[in-house]
Protein chains: 2
Amino acid sequence: MTGRRGRREPKGFTERELDVMSVLWREGSGTVTEVRQALGEEVGYTTVLKMLQILEEKGAVGHEQEGRAYRYFPLVESVRAGGRALTRIVNKIFHGSAERLLATLVEDREFTAEEIARMRSILDRAERRGDEE
Amino acid sequence: MTGRRGRREPKGFTERELDVMSVLWREGSGTVTEVRQALGEEVGYTTVLKMLQILEEKGAVGHEQEGRAYRYFPLVESVRAGGRALTRIVNKIFHGSAERLLATLVEDREFTAEEIARMRSILDRAERRGDEE
DNA sequence: ACGTGTTTACGAAGATTGTCGTTGACAAAT
DNA sequence: ATTTGTCAACGACAATCTTCGTAAACACGT
């Protein structure tokens, strides 16, 4: 009913798209062949290519010529994509409570004392930042 | 190539599906009309019904008769769905680092001192739990 | 010049999602 | 009994995602 469908907004990634983006974020860039190898070669060459073309059309990746191949690289930062995904989850699943999200996160996995210490310092920094402003 | 096709596994929710699940998690249960109202009546009755039918087929919700209407209720807990979604994000976007996820989370939003205190105690609890085992 | 291998481009097929229109069941009011 | 209003079921349709097959472009070795 609402005359929506801007098409130019970020939006989320689908499963396969996220697989591909994950590789580019981790490696920095990649050709079709490189991305495909990173995915364990479980999908065909043209499938990976198609994903990259779709992602490029969405504005999520770009490419430059390299020899006779294309080298693709991410145009959206993983942190921004992650922030959107987290916001979505906090709102839709944890009813806006970041605490519950954190509780679920630490419940599901084991952390070393060092990791927990670093997470505490992240909270410390956030607190100080809150004081300043 | 892996001979999957389990169909019985959890999997993730799409955007609209998550909208509907969010309502059921928050309210506990709902009829089609109730869910539709909770979504601001921006989608048609039959659309909401279809979503609930798809979700039921996926095993995410169930229903019981109530008068002449159906009352739908979630069969998967929000915490478990949230845990899966978080695992996915940590792995695909934050390279397995929960710390980075937390950093992004606190970067994107403002927290009160109380909220941060509660998050610290969540970490404390996780630490103690780690000691015990 | 010719074949071979690598790579992109085109486009189609199948699955899933999201949106409804229409129909039929059923009960309450008349 | 007939009408009316509520609600689920069925099926259609368009959009999107995912997977490729096939073709075309191009460089390289011979």
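Reckoned from all heavy atoms, side chains included, excluding hydrogens, waters and symmetry mates. By convention in this document, chain letters (A, B, ...) are assigned in the order of the sequence lines, proteins followed by strands, and residues within each chain are numbered from 1.
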Could you tell me whether Arg120(A) and Glu115(A) make a salt bridge, using a distance below 4.0 angstrom between a side-chain N and a carboxylate O?
-> no

If Ile, Leu, Val, Met, Phe, Trp and Tyr residues are connected whenever their side-chain heavy atoms lie under 4.5 Å apart, and connections chain through other members, are Val79(A) and Ile93(B) in the same group?
-> no

Rounded to the Å, how far apart are Glu41(B) CD and dT19(C) C1'?
-> 17 Å

Kindly say if Tyr45(A) contacts the phosphate of dT8(C), meaning a side-chain N or O under 4.0 Å from OP1 or OP2.
-> yes

Could you give the CZ-to-C1' distance, from Arg71(B) to dC7(D), as a whole number of Å?
-> 14 Å

For DNA chain C, whose closest nucleotide is more 5', that of Thr47(B) or that of Ile54(B)?
-> Ile54(B)

Would you say Thr33(A) reaches dT7(C)'s phosphate, i.e. side-chain N/O to OP1/OP2 under 4.0 Å?
-> yes

Within residues 87-95 of chain A, residues whose heavy atoms come under 4.0 Å of DNA chain D = none

Measure from the side-chain heavy atoms of Lys50(B) and tell me the nearest of dC17(D), dT17(C), dT19(C).
-> dT19(C)

Thinking salt bridges, do Glu17(B) and Lys58(B) make one under a 4.0 Å N-O criterion?
-> yes

Are any of the side-chain nitrogens in Glu64(B) or Arg71(B) under 4.0 Å away from the carboxylate oxygens of its partner?
-> no

Starting at CD of Glu42(A) and ending at P of dC20(D), how long is that distance when rounded to a whole Å?
-> 11 Å

Distance, rounded to the nearest Å, where His63(B) contributes NE2 and dA8(D) contributes C1' = 9 Å

Roughly how many Å is it from CD in Glu57(A) to C1' in dT8(C), rounded to a whole number?
-> 15 Å

Please check the phosphate of dT16(D) (OP1 and OP2 only) for any side-chain N or O of Lys58(A) closer than 4.0 Å.
-> no

salt_bridge(Glu15(B), Lys92(A)) N-O dist < 4.0 Å | yes

So, is Thr14(A) close to the dT16(D) phosphate, meaning a side-chain N or O under 4.0 Å from OP1 or OP2?
-> no

Which of dT22(D), dC17(D), dT17(C) is nearest the side chain of Glu17(B)? It is dT17(C)

Starting at atom CG of Leu52(B), determine the distance to atom P of dC7(D), rounded to an integer number of angstrom.
-> 13 Å

For dT19(D), does either OP1 or OP2 sit under 4.0 Å from a side-chain N or O belonging to Arg16(A)?
-> yes

Carboxylate-amine/guanidinium contact Glu110(A) Arg129(B), below 4.0 Å | yes

Starting at CZ of Arg36(B) and ending at P of dG18(C), how long is that distance when rounded to a whole Å?
-> 17 Å

Grab the CD-C1' distance between Gln53(A) and dC20(D) for me, whole Å please.
-> 13 Å

Under 3.5 Å, side chain of Thr47(B) to main-chain N/O of Val43(B), donor-acceptor pair present?
-> no

For the side chain of Met51(A), starting at C-beta, report the closest nucleotide among dG18(C), dT18(D), dT19(C).
-> dT18(D)

